[in-house]
K.L.:
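Can you keep this structure in mind? I'll have questions shortly.
Counting starts at 1 for both ligands and their atoms, following the listed order. Keep in mind that the numbers below use all heavy atoms, side chains included, and drop hydrogens, waters and symmetry copies.
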Amino acid sequence: MSRLWSALAAGITPYTPGEQPKTANLVKLNTNENPYPPSPKALEAIRAAEPMRLALYPDPESTALREAIARVQGIEASEVFAGNGSDEVLGLIYPAYFERGAPVRFADITYSFYPVYAALFEMETDEIPLSEDFSLPVERFYDAPGGVIIANPNAPTGLALNESAIREILRRNDRIVVVDEAYADFGAKSVIPLIREYENLIVVRTLSKSHALAGLRVGYAAANAKTLEALFRVKNSFNSYPLDALAQLAAAAAVMDTAYFEETRGKIIETREWFVKEMRSLGFSGPESGANFVFMRHESRSGADVQSLLRANDVIVRRFDKPRIADYLRITIGTPEQMLRLLGVLRAKL
Ligand SMILES: Cc1ncc(COP(=O)(O)O)c(C=O)c1O
């Protein structure tokens with residue numbers, strides 16, 4: 001703390017990202033990264049880039065990338081906004097669509113960045129408790145005066161909401177409804193096709209998970225073109241060039257490589273289904289996952305115990321020390337070999 005800090009900087013509690021350890025040989029299953037490399041076409045695009053691409057400012061509107069995303073999603077480039085990771089897109093959404101004095105509504109157990117943005121922009125929140133089984137109490141998301149954010153599938157529970165529930169939330173709200181589909185490629189139906197039907201819908205997506213590009217920092221939003229204009233206005237009032245030239249090239253190439261995308265996400269889903277069965281046989285249970293992670297607790301050992309046991313054996317998983325979920329571990333789905341390492345530790349030491 002210093003007297004030079006603003007009251008805002010002194011008062012906020014920043015988001016704490018999962019650990020990024022520097023040591024090799026760790027099985028890192030704590031931040032929902034993809035265990036496979038990105039599409040080789042993304043790397044080819046970076047290697048083939050003209051040097052002058054770096055001497056000049058990049059395209060401020062990421063046009064070619066937005067066109068590639070639009071093509072793959074079956075929408076128009078004017079319906080796509082690109083940002084420096086979906087965290088940035090979410091951050092820009094607050095001043096673009098939410099207001100002070102009208103609380104932003106989201107679940108009490110969800111992506112822990114949502115309340116952090118609210119605090120940064122000095123906005124209030126309205127946190128709705130998830131049901132006992134971690135499902136979303138859908139009716140409580142109707143008529144939110146300040147707007148709604150839903151992660152689908154939710155993080156860290158992994159539970160997905162069906163399209164009819166989202167339609168009902170859209171119909172019953174006059175303000176913006178943000179659907180964060182960071183994990184949707186692993187098991188939830190995307191609502192991008194609904195953007196022309198509901199002008200209050202914004203779908204947020206990332207290339208960090210299903211496209212294995214967490215290090216490149218690319219995310220996007222899809223919405224009705226008129227709705228989306230507010231996001232461009234806010235972006236151009238903060239940072240005109242959120243995506244660097246190489247990120248734009250590599251992301252466009254990765255998005256277009258649908259065959260590679262299908263292959264790697266298929267492998268992850270297959271590994272998840274097998275891993276859940278193995279974990280159940282060891283006494284773990286949890287909600288059904290539609291994501292590239294599972295959220296499970298042991299029948300008798302505490303979450304802290306199991307986490308430190310894994311850590312002592314070079315396996316890192318994430319745990320949130322919060323009411324109702326402190327005994328759950330959020331375990332990213334890695335390669336079958338990584339999951340076998342984790343299972344081996346549990347079989348030998350639990
Ligand atoms: C629900 C959710 N949304 C958004 C993000 C941000 O992803 P990125 O900024 O890498 O696009 C994450 C990352 O963990 C997430 O879990």
Side-chain angles (χ1 to χ4, degrees), residues 14-20 28-35 38 42 62 65 69 80-94 104 106-118 120 127 130 134 136 148-161 166 177-188 190-192 202-222 231 235 239 242-244 247-248 250-251 254-255 268 287 289-295 316-320 322 325 328-334:
Y15 175 75
T16 319
E19 185 187 352
Q20 292 291 350
K28 190 178 175 307
L29 303 173
N30 66 330
T31 47
N32 300 341
E33 288 137 327
N34 196 309
S62 301
L65 169 59
I69 292 167
V80 180
F81 172 88
N84 194 252
S86 61
D87 278 341
E88 185 191 67
V89 177
L90 288 164
L92 295 171
I93 279 174
Y94 278 63
V104 185
F106 45 80
D108 65 338
I109 299 169
T110 189
Y111 186 35
S112 44
F113 225 135
Y114 302 154
V116 176
Y117 295 121
L120 180 66
E127 300 194 14
L130 290 182
F134 296 139
L136 196 85
V148 168
I149 308 184
I150 293 165
N152 192 41
N154 196 11
T157 64
L159 267 183
L161 206 57
I166 297 176
V177 174
V178 179
V179 180
D180 180 351
E181 294 190 348
Y183 302 102
D185 288 330
F186 301 105
S190 176
V191 289
I192 289 182
I202 298 191
V203 183
V204 176
R205 299 202 124 218
T206 178
L207 271 61
S208 297
K209 319 291 180 182
S210 55
H211 287 82
L213 286 170
L216 197 71
R217 311 303 304 130
V218 180
Y220 65 94
L231 210 44
K235 181 221 34 136
N239 178 7
L243 282 181
D244 68 68
Q248 293 185 31
V255 164
I268 291 166
S289 172
N292 68 337
F293 57 83
V294 296
F295 195 57
I316 326 184
V317 299
R318 189 116 196 236
R319 193 175 68 85
F320 300 91
K322 283 180 59 170
I325 58 169
Y328 282 82
L329 301 177
R330 194 197 66 187
I331 306 171
T332 304
I333 301 300

K.L.:
Side chains of Phe134 and Ile325: does their closest heavy-atom pair fall under 4.5 Å?
P.N.:
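Yes; the side chains approach each other to less than 4.5 Å.
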K.L.:
So, using side-chain contact (heavy atoms from CB on, under 4.5 Å) as the criterion, who are the partners of Pro242 when residues are at least two apart?
P.N.:
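Pro242 satisfies side-chain contact (heavy atoms from CB on, under 4.5 Å) with Asn84, Glu88, Lys235, Asn239 once adjacent residues are dropped.
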K.L.:
Among all protein heavy atoms, pick out the one at the shortest distance from atom 10 (O) of ligand 1; state its residue, atom name and that distance to 0.1 Å.
P.N.:
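For this ligand atom, the closest protein heavy atom is Ser208 OG, 2.6 Å.
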K.L.:
Taking distance alone, with N or O pairs closer than 3.5 Å, would you say Lys209 contacts ligand 1?
P.N.:
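Yes, since at least one N or O of Lys209 sits under 3.5 Å from an N or O of ligand 1.
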K.L.:
Please list, in number order, the atoms of ligand 1 under 4.0 Å from a heavy atom of Thr206.
P.N.:
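Going through ligand 1 atom by atom, the ones under 4.0 Å from Thr206 are 8 (P), 10 (O), 11 (O).
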K.L.:
Hey, are the side chains of Phe81 and Leu92 touching, using non-hydrogen atoms and a 4.5 Å cut-off?
P.N.:
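Phe81 reaches Leu92 side chain to side chain.
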K.L.:
Test Leu243 against Leu65 for side-chain contact (heavy atoms from CB on, under 4.5 Å), laying out the working first.
P.N.:
CA-CA 10 Å; Leu243 282 181; Leu65 169 59; 3.6 Å; yes
K.L.:
Which residue supplies the protein heavy atom nearest to atom 2 (C) of ligand 1, what is that atom called, and how far is it?
P.N.:
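For atom 2 (C) of ligand 1, the nearest protein heavy atom comes out as Asp180 OD2, 3.4 Å.
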K.L.:
Considering the heavy atoms of Gly85, write down every atom of ligand 1 situated less than 4.0 Å from one of them.
P.N.:
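By the 4.0 Å cutoff, the relevant atoms are 9 (O), 11 (O).
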K.L.:
Against Tyr111, only a single residue in Tyr15, Tyr117, Phe106 fulfils ring-ring contact (aromatic ring centres under 6.0 Å, His included); can you say which?
P.N.:
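The ring-ring contact (aromatic ring centres under 6.0 Å, His included) with Tyr111 is passed solely by Tyr15 among Tyr15, Tyr117, Phe106.
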K.L.:
Does ligand 1 have an atom that lies less than 4.0 angstrom from a heavy atom of Gly219?
P.N.:
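Not so, Gly219 does not reach ligand 1.
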K.L.:
Can you check whether Tyr114 has an N/O within less than 3.5 Å of an N/O in ligand 1?
P.N.:
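Checking ligand 1 against Tyr114, no N or O pair falls under 3.5 Å apart.
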K.L.:
Which heavy atom of the protein is the closest neighbour of atom 7 (O) of ligand 1, given with residue, atom name and distance?
P.N.:
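For this ligand atom, the closest protein heavy atom is Ser86 OG, 3.1 Å.
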K.L.:
Note the single closest protein heavy atom to atom 16 (O) of ligand 1, along with its residue, its atom name and the distance in Å.
P.N.:
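It is Tyr183 OH, 2.7 Å.
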K.L.:
For atom 9 (O) of ligand 1, what's the nearest protein heavy-atom neighbour? Residue, atom name and distance, please.
P.N.:
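The answer is Arg217 NH2, 2.7 Å.
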K.L.:
Do Asn30 and Thr332 come close enough that some side-chain heavy atom pair is under 4.5 Å?
P.N.:
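Of all side-chain heavy-atom pairs linking Thr332 with Asn30, none is under 4.5 Å.
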K.L.:
Do Ile149 and Ile93 come close enough that some side-chain heavy atom pair is under 4.5 Å?
P.N.:
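Heavy-atom side-chain distance check fails, nothing below 4.5 Å.
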K.L.:
Does anything in residues 178-187 pair up under side chain to side chain donor-acceptor pair (under 3.5 Å), and if so which pairs, sequence neighbours excluded?
P.N.:
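Every side chain to side chain donor-acceptor pair (under 3.5 Å) pair that includes a residue of residues 178-187, provided the two are not neighbours, is Asn32-Tyr183, Tyr114-Asp180, Glu181-Ser190, Glu181-Arg205, Tyr183-Lys209, Asp185-Arg205, Asp185-Ser210.
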K.L.:
If you take the nearest heavy atom of each of Asn154, Asp87, Asn84, which one is closest to atom 6 (C) of ligand 1?
P.N.:
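Considering heavy atoms of Asn154, Asp87, Asn84, the nearest to atom 6 (C) of ligand 1 sits in Asp87.
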